[in-house]
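This report refers to the structure that appears directly beneath it.
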Amino acid sequence: MGRYLRPTSLEAALSALADGRPTILAGGTDHFPARVTNAPDEDILDISALHGLHRIAIDGDTVRIPSLATWTDLIRADLPPLFDGLKAAARQVGGVQVQNAGTVVGNVCNASPAADGMPGLLALDASVELASAAGRRAVPLADFVLGPRKTARRPDELALGLRIPLSALPARATFEKLGARRYLVISIAMVAAVAEFSPDGRIARARIAVGACSPVAARLPALEAALAGKFPDPSLVMADHLTPLSPIDDIRAPAGYRRSAALELVRRAVAGLAQPEAAAA
Ligand SMILES: Cc1cc2nc3c(=O)[nH]c(=O)nc-3n(C[C@H](O)[C@H](O)[C@H](O)COP(=O)(O)OP(=O)(O)OC[C@H]3O[C@@H](n4cnc5c(N)ncnc54)[C@H](O)[C@@H]3O)c2cc1C
């Protein structure tokens, strides 16, 4: 029978991780469903009683989403339009109960190819803050999630939170998700788009990421380059721009359907960048 640890201080949590490498538990919305039929004998480090890790805050030119901030905390946070796409994704994670319990950081650490937070966070250039008894480090999100259920986190490390740079230019952000039904569904494909705009309304910099169509959500650098200097226009999106994707056949959809759905979702996400109200849908 494993031990159940619920420390209240970060120091105690890091020391438990250094000693025994327990499994970290945050909201439990991925952890518990994965153990319904086969509960492993493991030590649990429940981090839900740690202080000071709930509040999403703007710190200078950075937004910090700490490890206990839930999807509901994100939806309610007072953030600039740059975050509208990530908030739209938050509203589509499970139902309200799951949004109340599940954390944004847990979504990332679980490293599911279908994690709805990943495209938006990649498009926001997020990095992951990691802490261990030996010290702290920051890893760009693109280097943190390495494959399905695989991250660059060492077993003695806790993810403290996510850091996202604010934009100096006006920005807009959108999110599009396709599932087999409208709500409470694992994604077949999802797309996040972020654009920073020059004063003339052209895109100064675009960041587009697609989820559930590759082992890890992927940015589309050729499309991002093609959009720079242009007004948001879905006709600029070409099938070739989706080359980084490698969709598979699975229980939710065949690969070919995923690829064509992703193309349509990318076009809709780019079209949405032209309409500030689109991201709030
Ligand atoms: C009914 C239902 C519907 C769902 N719908 C969706 C959906 O639509 N879209 C979607 O993307 N997800 C969905 N999920 C999955 C889940 O809700 C999210 O992935 C959630 O954000 C996970 O956060 P959590 O705090 O519950 O993580 P937990 O279950 O506590 O942990 C998840 C994993 O991350 C690790 N972990 C958590 N926090 C840390 C940390 N601070 N440092 C290091 N490792 C950590 C844990 O060890 C575990 O491996 C759904 C789940 C349920 C039960």
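Just so you know, residue 1 is the first one in the sequence shown, and it goes up from there. Whatever order the structure lists ligands and atoms in, that order sets their numbers, starting from 1. Heavy-atom basis, side chains included; hydrogens, waters and symmetry copies ignored.
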Atom 18 (C) of ligand 1 has as its nearest protein heavy atom D30 OD2, 3.3 Å
Contact region, V185 to ligand 1, non-hydrogen atoms below 4.0 Å, reads backbone
Value for CD1 (I203) from CG (D200), rounded to nearest 0.5 Å, stands at 11.0 Å
If you compare L160, D116, N107 by their heavy atoms, the one closest to atom 12 (N) of ligand 1 turns out to be N107
Of all protein heavy atoms, the one nearest atom 26 (O) of ligand 1 is T29 OG1, 2.6 Å
Heavy-atom proximity to atom 35 (C) of ligand 1 ranks first, among G95, A34, A89, C109, for C109
Honestly, for T103 the part within reach of ligand 1 (heavy atoms, under 4.0 Å) is both
L245 backbone acceptor or donor facing S214 side chain under 3.5 Å:
no
- Determine whether any heavy atom of M190 lies closer than 4.0 Å to an atom of ligand 1. no
Taken to the nearest 0.5 Å, the spacing of L273 CG from R172 CZ works out to 7.0 Å
For atom 38 (N) of ligand 1, the closest protein heavy atom turns out to be A26 CB, 3.6 Å
Looking at E157, H31, Q99, the heavy atom closest to atom 31 (O) of ligand 1 belongs to H31
Residue, atom and distance of the protein heavy atom nearest atom 47 (O) of ligand 1 read I24 O, 2.5 Å
The atoms of ligand 1 lying under 4.0 Å from a heavy atom of I47, numbered in the order shown, are 41 (N)
Of all protein heavy atoms, the one nearest atom 28 (P) of ligand 1 is G28 N, 3.5 Å
(message) Around atom CD1 of I186, are there more than 12 heavy atoms from other residues, nucleotides or ligands closer than 6.0 Å?
(response) no
Rounded to the nearest 0.5 Å, the CD1 atom of I188 sits from the CD1 atom of I251 at a distance of 11.0 Å
protein heavy-atom neighbour closest to atom 6 (C) of ligand 1 works out as G94 N, 3.6 Å
Indicate whether any N or O donor in one side chain lies under 3.5 Å from an N or O acceptor in the other, for D59 and T62.
-> no
protein heavy-atom neighbour closest to atom 1 (C) of ligand 1 works out as V98 CG2, 3.8 Å
Scanning both residues in full, the closest heavy-atom pair of G95 with L184 reads N-CD2, 3.5 Å
Taking only non-hydrogen atoms of G102 and a 4.0 Å limit, the atoms of ligand 1 in range are 23 (O), 24 (P), 25 (O), 26 (O)
Here the atoms of ligand 1 under 4.0 Å from any heavy atom belonging to Q92 are 8 (O)
Under 4.0 Å from one or more heavy atoms of G27, ligand 1 contributes atoms 24 (P), 25 (O), 26 (O), 30 (O)
Lys/Arg cation over aromatic F144: R153, 6.0 Å, 45° cone:
no
Looking just at side-chain N and O atoms, do S132 and E157 make a donor-acceptor pair shorter than 3.5 Å?
-> no
Is there a donor-acceptor pair closer than 3.5 Å between any side-chain N or O of R258 and the backbone N or O of A212? yes
Within 4.0 Å of some non-hydrogen atom of S67, the atoms of ligand 1 are 41 (N)
Without hydrogens or angle criteria, can the side chains of T72 and Q99 be said to hold a donor-acceptor pair below 3.5 Å? no
If we number the atoms of ligand 1 from 1 as shown, the ones under 4.0 Å from a heavy atom of R153 are 43 (C), 44 (N)
When distances are taken from atom 27 (O) of ligand 1, the protein heavy atom at minimum range is G106 CA, 3.8 Å
Exercise for review: For M118 and ligand 1, answer yes if some heavy atom of the residue is under 4.0 Å from a ligand atom, otherwise no.
Suggested key: no
If the contact criterion is a heavy-atom separation under 4.0 Å, does W71 count as touching ligand 1? yes
Show your working on salt bridge (Lys or Arg N to Asp or Glu O under 4.0 Å) between R205 and D125 and close with a plain yes or no. CA-CA 12 Å; R205 188 168 165 236; D125 271 344; 2.8 Å; yes
The answer for which part of K177 has a heavy atom under 4.0 Å from ligand 1 is side chain
Any side-chain donor paired with an acceptor under 3.5 Å for D116 and S187?
-> yes
A student checking ligand 1 against A115 at a 4.0 Å heavy-atom cut-off should list atoms 11 (O)
When rounded to the nearest 0.5 Å, the distance separating CG of L86 from CH2 of W71 is 6.0 Å
